[in-house]
Amino acid sequence: MTPLSQTDAERFRKEAEECLELAEKAENPLDKEAWLRLAEDWLKLAQEVERSTRFSGDDPLPPFKTSLHTNV
């Protein structure tokens, strides 16, 4: 298995952003909650990659909105 990189973390953050956008558009509260949970999962993956790449000397990514349940 190939080690994850900052590029992977960026991709995971983009996935989280897309889930947040879909949550904003969701009309059904259950759908909205599902999209928010997915966004949180993608964000956690990105943060794990960032932690692991910091130890290998890569630069961290810019901060990302951590509170996913506000203003959605």
Side-chain angles (χ1 to χ4, degrees):
M1 177 180 219
T2 306
L4 296 173
S5 68
Q6 287 296 96
T7 302
D8 293 309
E10 291 168 2
R11 181 172 53 94
F12 297 160
R13 286 184 179 277
K14 286 180 183 176
E15 292 287 348
E17 289 174 9
E18 185 176 326
C19 289
L20 289 174
E21 290 172 9
L22 291 167
E24 289 177 9
K25 295 175 184 176
E27 295 179 14
N28 180 317
L30 293 176
D31 291 342
K32 181 176 185 172
E33 183 60 30
W35 286 118
L36 290 173
R37 275 188 260 119
L38 283 170
E40 287 176 350
D41 290 344
W42 281 116
L43 180 56
K44 286 176 188 175
L45 286 171
Q47 291 169 339
E48 288 177 23
V49 170
E50 290 168 350
R51 276 192 291 276
S52 69
T53 58
R54 279 189 202 128
F55 291 116
S56 68
D58 289 349
D59 292 329
L61 291 174
F64 182 76
K65 179 178 157 185
T66 56
S67 179
L68 302 178
H69 289 280
T70 58
N71 298 324
V72 177

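The first residue of the sequence shown is numbered 1, and numbering continues consecutively from there.
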Value rounded to 0.5 Å, distance of [atom1] in [X] from [atom2] in [Y]:
X	Y	atom1	atom2	value
Leu38	Glu33	CG	CD	10.0 Å
Gln6	Ser52	CD	OG	8.0 Å
Glu18	Glu15	CD	CD	5.5 Å
Leu20	Lys25	CG	NZ	12.0 Å
Glu24	Lys32	CD	NZ	8.0 Å
Asp41	Leu36	CG	CG	11.0 Å

ask   = Do Arg13 and Gln47 come close enough that some side-chain heavy atom pair is under 4.5 Å?
value =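 Yes, at least one pair of side-chain atoms sits under 4.5 Å.
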task = Could I get the full list of ring pair (Phe, Tyr, Trp, His ring centres under 6.0 Å) partners for Trp35, not counting sequence neighbours?
result =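 By the ring pair (Phe, Tyr, Trp, His ring centres under 6.0 Å) rule, Trp35 matches no residue at all.
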inquiry  = Taking salt bridge (charged side-chain N to carboxylate O under 4.0 Å, His left out) as the definition, give me every residue that meets it alongside Asp8, ordered by chain and number, with sequence neighbours left out.
reply    =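 Partners of Asp8 under the salt bridge (charged side-chain N to carboxylate O under 4.0 Å, His left out) test: Arg11.
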ask   = Looking only at heavy atoms, what is the nearest atom pair of Glu50 and Ala9, with distance?
value =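 Residues Glu50 and Ala9, closest heavy atoms: CG-CB, 4.0 Å.
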key: Closest contact, heavy atoms only, Val49 versus Leu4   =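 Answer, listing the atom of Val49 first, then Leu4: CG2-CD1, 3.4 Å.
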